[in-house]
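These notes concern the structure reproduced below.
Quick note on labels: first sequence line is chain A, next is B, and so on, each numbered from 1. Just so it is clear, the model here is predicted, and its values are computed rather than measured.
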Amino acid sequence: MTHEPAFDDELWVIVGPTASGKTELAIALSELHGGEIVSADSVQIYRHFQVGTGKPNAAERARARHHLIDIVEPDEPMDAARFAELAAEAIAQIRARGKRPIVCGGSFLWVKSLIFGLVPAPPADPVVRAEHKAHVDREGRAGLHARLAAVDRESASRLSENDFVRVSRALEVFELTGKPMSVWQASHGFKVQERPARLFGVRREPGELDARIEARCRLMFENGFIEEARNLLERGYGDCRPFGSVGYKQLRAALSSGRDLDVASLIGDVYRATRVFARRQRTWLRDQPVNWLEAGSTKLR
RNA sequence: GUCCGGGUAGCUCAGUCGGUAGAGCAGUGGAUUGAAAAUCCACGUGUCGUCAGUUCAAUUCUGACCCUGGACA
């Protein structure tokens with residue numbers, strides 16, 4: 001390199017749907033620009049979940065240092081805000097070493113929370129959530145939604161009464177702060193970048209991405225995905241967060257059904273679930289200012 | 001070969017006491033502020049296996065045939 005790119009002070013963030021080749025691009029850029037990779041992946045962050053997560057392998061980790069992979073136990077609390085704190089620390093350390101941090105991951109709320117921060121409301125409260133859950137068990141989701149409507153009309157009208165996750169969080173924020181979630185959100189609004197960032201992604205044709213997803217699924221099963229999942233279930237991790245993720249969720253259902261495994265159809269299930277996930281990621285990315293690179297290219301801008 | 005089930009949406013199935021049918025999943029699009037690989041929203045015309053019979057009307061009843069699962073031979 002004869003000179004550094006002009007956007008030197010910006011945080012480089014590699015995004016894109018699953019199996020698009022984010023890891024490869026991030027590693028290639030690390031090698032070219034003296035970088036270290038900060039993973040923004042809500043499943044790779046957990047220990048013990050290996051085969052089904054698409055974590056970089058040993059050879060890839062030898063090419064570039066990775067951060068925020070395998071750092072918490074499956075039953076430890078983790079969320080977007082906590083991730084942003086950890087990522088900020090990692091970024092500071094990398095820069096202190098004179099290296100370039102390169103964020104890479106497909107968990108876009110996590111990426112967003114790193115770049116813009118989240119509403120400064122308190123974190124999840126297990127007691128509040130348990131109470132909400134109990135309320136739903138008694139009176140249904142509509143009952144909880146009605147409770148939210150009484151204190152935060154705007155959030156309630158925006159949310160489906162079936163969207164328990166968001167209804168509960170919005171109500172929780174009000175109960176913890178006395179201030180409606182919609183008010184918090186209006187003043188925050190993801191308007192100000194706390195951290196200047198530049199997004200990059202790898203462009204793939206839809207058919208090509210499907211083929212890559214399918215190949216990756218097959219490889220996971222060849223690499224012992226079923227055995228790993230069975231082992232994790234036996235060790236009591238069945239109710240942990242990452243077991244609800246794509247692939248592990250399907251394996252948990254199959255392994256705990258008591259029926260014989262139909263591996264071919266399991267692979268199909270996981271493939272389809274992964275495609276559905278990739279579609280949701282596409283929706284997230286649709287209006288983002290991503291600089292799309294051709295596959296195999298490391299030319300930024 | 002005989003007996004008993006089945007053959008309905010891409011898949012698994014529900015249903016129509018006769019008036020041409022609907023769920024889940026998949027697919028497509030969308031939302032997304034501390035669970036985010038999570039969670040949620042919208043979008044449903046398909047020779048109701050084939051042929052014939054009864055009927056004003058059959059996917060629904062009857063018969064034959066084809067395919068398929070199981071049991072018995």
Side-chain angles (χ1 to χ4, degrees), chain A residues 17-19 22 39-46 49 52-55 74-86 105-126 128-130 132-133 136 141 145 152 154-155 157-170 172-173 176-177 179-192 194 206 210 213 216-217 220 239-253 262 265 268-288:
Chain A
T18 188
K22 292 188 293 295
S39 165
D41 189 298
S42 63
V43 180
Q44 294 184 7
I45 199 166
Y46 292 104
F49 288 71
T53 59
K55 287 176 188 173
D75 53 0
E76 273 183 74
M78 178 50 60
D79 59 46
R82 179 76 185 124
F83 159 77
E85 289 170 16
L86 295 170
S107 302
F108 303 127
L109 179 64
W110 286 26
V111 170
K112 215 170 174 181
S113 110
L114 175 61
I115 297 174
F116 294 93
L118 296 173
V119 144
D125 182 329
V128 171
R129 293 192 173 193
H132 290 178
K133 179 75 171 56
V136 165
R141 294 181 170 193
H145 187 263
D152 184 353
E154 195 176 327
S155 292
S157 69
R158 202 173 58 79
L159 298 173
S160 161
E161 66 181 31
N162 293 323
D163 195 350
F164 172 73
V165 170
R166 290 193 177 74
V167 169
S168 174
R169 173 60 183 165
E172 173 183 64
V173 165
L176 259 28
T177 67
K179 185 167 155 184
M181 182 62 149
S182 54
V183 173
W184 285 103
Q185 289 180 339
S187 60
H188 180 268
F190 290 121
K191 288 189 290 262
V192 182
E194 292 183 351
D210 285 349
I213 289 171
R216 176 187 271 192
C217 285
M220 286 173 177
D239 293 327
C240 293
R241 197 73 71 68
F243 236 122
S245 66
V246 168
Y248 288 97
K249 180 193 274 186
Q250 284 73 25
L251 284 180
R252 180 175 60 188
D262 179 344
S265 91
D269 290 346
V270 174
Y271 164 68
R272 279 184 295 274
T274 308
R275 288 194 52 184
V276 170
F277 172 47
R279 198 167 65 229
R280 269 180 279 131
Q281 289 180 304
R282 216 179 301 143
T283 302
W284 256 109
L285 258 14
R286 198 196 44 229
D287 295 325
Q288 298 303 309

Trace of the side-chain contact (heavy atoms from CB on, under 4.5 Å) decision for A:L118 with A:L109: CA-CA 9 Å; A:L118 296 173; A:L109 179 64; 4.3 Å; yes
What is the nucleic acid contact for [X], judged by heavy atoms within less than 4.0 Å: base, sugar-phosphate only, or nothing?
X	value
A:T283	base
A:V276	sugar-phosphate
A:R275	sugar-phosphate
A:G247	nothing
A:R166	base
A:R280	base
A:S113	nothing
A:E85	nothing
A:A84	nothing
A:R279	base
A:G117	nothing
A:W284	base
A:K112	nothing

Can you tell me the pairing partner of [N] across any strand shown, Watson-Crick or G-U wobble, with both distances under 3.5 angstrom?
N	value
B:rA36	none
B:rA23	B:rU12
B:rG1	B:rC72
B:rC65	B:rG49
B:rU60	none

Pairwise [atom1] distance for [N] and [M], with rounding to whole Å:
N	M	atom1	value
B:rU60	B:rG49	C1'	15 Å
B:rG5	B:rA9	C1'	23 Å
B:rA23	B:rG19	C1'	23 Å
B:rC51	B:rU12	C1'	29 Å
B:rG29	B:rU33	C1'	23 Å
B:rU16	B:rA21	P	14 Å
B:rG1	B:rA64	P	15 Å
B:rA71	B:rG46	P	38 Å

Kindly indicate whether the side chain of [X], heavy atoms from C-beta on, has any atom under 4.5 Å from the side chain of [Y].
X	Y	result
A:V111	A:W284	no
A:P120	A:W184	yes
A:R169	A:R166	no
A:V119	A:K179	no
A:W110	A:D79	no
A:I45	A:S39	no

Atom CD of A:E161: over 12 foreign heavy atoms under 6.0 Å: yes
Which residue lies more 5' along RNA chain B, comparing A:G106 with A:Q185 via nearest heavy atoms: A:Q185
5' precedence on RNA chain B between A:R158 and A:M220 (nearest-nucleotide basis): A:R158
Covered region of RNA chain B, 5' end to 3' end, by chain A [heavy atoms, under 4.0 Å]: B:rA26 to B:rC41
Derivation and outcome, side-chain contact (heavy atoms from CB on, under 4.5 Å), residues A:R216 and A:I213: CA-CA 5 Å; A:R216 176 187 271 192; A:I213 289 171; 5.8 Å; no
